[in-house]
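To keep things clear, I will list the structure first and then write my remarks on it.
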2 protein chains.
Amino acid sequence: MVDHKALASDAALNLVFAALSDPVRRQLLSRLDGEAFLVKELAAPFDISLQAVSKHIQVLVKAGLVRQERTGRVSRCRLDAGPMHEAALWVNRYSKYWQDQFDTLALFLGDIDKPKARRKPRRKS
Amino acid sequence: MVDHKALASDAALNLVFAALSDPVRRQLLSRLDGEAFLVKELAAPFDISLQAVSKHIQVLVKAGLVRQERTGRVSRCRLDAGPMHEAALWVNRYSKYWQDQFDTLALFLGDIDKPKARRKPRRKS
DNA sequence: CTCTCGATCAACCATTTGATTGACTGTCAA
DNA sequence: TTGACAGTCAATCAAATGGTTGATCGAGAG
């Protein structure tokens with residue numbers, strides 16, 4: 001659940017959030033949700049060069065959000081939402097909306113075992 | 001899939017995700033969760049200059065994640081998680097884990113009306 | 001074989017970013 | 001009034017970013 005036991009490494013979150021901070025890359029991820037695409041297909045809607053899109057994809061690959069599988073001369077790109085999950089873990093701690101959803105869900109699942117681990121466990125200094 | 005509402009403006013997401021891509025700023029937000037701090041207090045744990053921290057805070061302010069309230073010579077900073085919620089909305093679309101959780105929740109909410117006292121056996125909202 | 005095409009590599013350039021130091025504004029206290 | 005202190009502003013700098021163009025590599029197609 002939200003017990004953030006394995007707090008994603010800072011370096012990983014740096015890369016993921018940085019990758020998400022560009023609208024072109026977010027659009028690429030949107031397209032890749034569910035379907036795989038070639039680089040040229042991904043580049044088509046954009047007004048920038050193919051090389052620029054290729055570099056954007058490399059950024060996503062480095063962040064672990066996209067996996068590339070080269071067969072022949074083409075390179076099929078597919079989404080890997082794993083690292084996105086780490087980012088979601090981090091960000092959802094601050095989103096009261098989702099927090100409430102979690103609580104309600106936990107209630108339904110009878111998982112009221114959890115003490116007040118709702119908010120972050122950090123204690124003030 | 002789950003097309004939530006219209007996505008937040010690209011520009012806003014750019015700023016939020018970019019703000020979150022720096023570990024210093026993420027740490028600042030962590031400290032500010034629940035409690036308000038002065039700039040100097042926020043800067044204390046870091047090994048960088050007060051000016052650098054001040055600039056980081058400005059980045060957070062520009063992203064709408066922090067509000068600053070200057071009284072006298074001090075500047076009290078408090079968290080505003082609103083924009084974080086937009087980021088969470090975006091990111092959670094890709095997190096199969098949460099997706100499944102919420103689907104389960106929706107299932108519960110759909111079948112059994114509501115917790116506490118189930119007054120009506122079945123009612124869709 | 002040659003030619004084209006998908007994709008990356010390699011320079012290069014302008015802008016942004018994260019940090020520094022030094023000067024400055026203001027407020028509170030002595 | 002003097003001075004310490006919180007905080008920002010300003011100039012500077014190195015490194016990272018996002019884009020370009022041109023060259024290159026590697027399959028397929030003719």
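The chains referred to below are lettered A, B, ... by the order of the sequence lines, with proteins before strands, and numbering in each begins at 1.
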What is the distance from [atom1] of [X] to [atom2] of [N], rounded to the nearest Å?
| X | N | atom1 | atom2 | answer |
| --- | --- | --- | --- | --- |
| B:Leu60 | D:dT8 | CG | P | 12 Å |
| B:Phe37 | D:dA6 | CZ | P | 16 Å |
| A:Ile57 | C:dC9 | CD1 | P | 12 Å |
| B:Arg76 | D:dA6 | CZ | C1' | 12 Å |
| B:Gln58 | D:dG7 | CD | P | 11 Å |
| A:Asn14 | D:dA15 | CG | P | 19 Å |
| B:Arg25 | C:dT17 | CZ | P | 9 Å |
| A:Leu50 | C:dC9 | CG | C1' | 13 Å |

Does a nitrogen or oxygen in the side chain of [X] sit under 4.0 Å from OP1 or OP2 of [N]?
| X | N | result |
| --- | --- | --- |
| A:Ser49 | D:dT20 | yes |
| A:His56 | D:dG19 | yes |
| A:Gln68 | C:dT8 | yes |
| B:Ser54 | D:dT8 | yes |

* Asked: Looking at residues 40-48 of chain B, who's got a heavy atom less than 4.0 Å off DNA chain C?
  -> B:Ile48
* Donor-acceptor contact below 3.5 Å, side chain B:Arg76 vs main chain B:Phe37 -> no
* Asked: Would you say the side chain of A:Arg78 lies within less than 4.5 Å of the side chain of A:Leu32, judging by non-hydrogen atoms?
  ->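 A:Leu32 does not reach A:Arg78 side chain to side chain.
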* Report the residue (A:Thr71 or A:Val59) whose heavy-atom-nearest nucleotide on DNA chain D is the more 5′ of the two. =>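 Upstream on the strand: A:Val59.
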* Asked: Counting heavy atoms not belonging to A:Arg31, are there more than 12 under 6.0 Å from its CZ?
  -> yes
* Asked: So with a 6.0 Å cut-off around CZ of B:Arg26, is the heavy-atom count from everything else above 12?
  ->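 Correct, the count exceeds 12.
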* For residues A:Leu65 and A:Leu79, report the shortest heavy-atom separation together with the two atoms involved. => O-CD1, 3.4 Å
* Least distance between heavy atoms, B:Val53 atom then B:Phe46 atom ->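 Closest heavy-atom pair between B:Val53 and B:Phe46: CG2-CD1, 4.3 Å.
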* To do: Name the closest nucleotide to the A:Lys55 side chain, picking from D:dG19, D:dG7, C:dA19.
  =>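 For the A:Lys55 side chain, the nearest candidate turns out to be D:dG19.
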* Structure fact -> Of the candidates D:dG26, D:dG18, C:dG26, the side chain of B:Arg73 sits closest to C:dG26
* Do the side-chain N and O atoms of B:Asn14 and A:Asp22 include a donor-acceptor pair separated by under 3.5 angstrom? ->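 Result is no, nothing qualifies.
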* **N/O donor-acceptor pair, side chain B:Gln51 with base C:dG22, under 3.5 angstrom** => yes
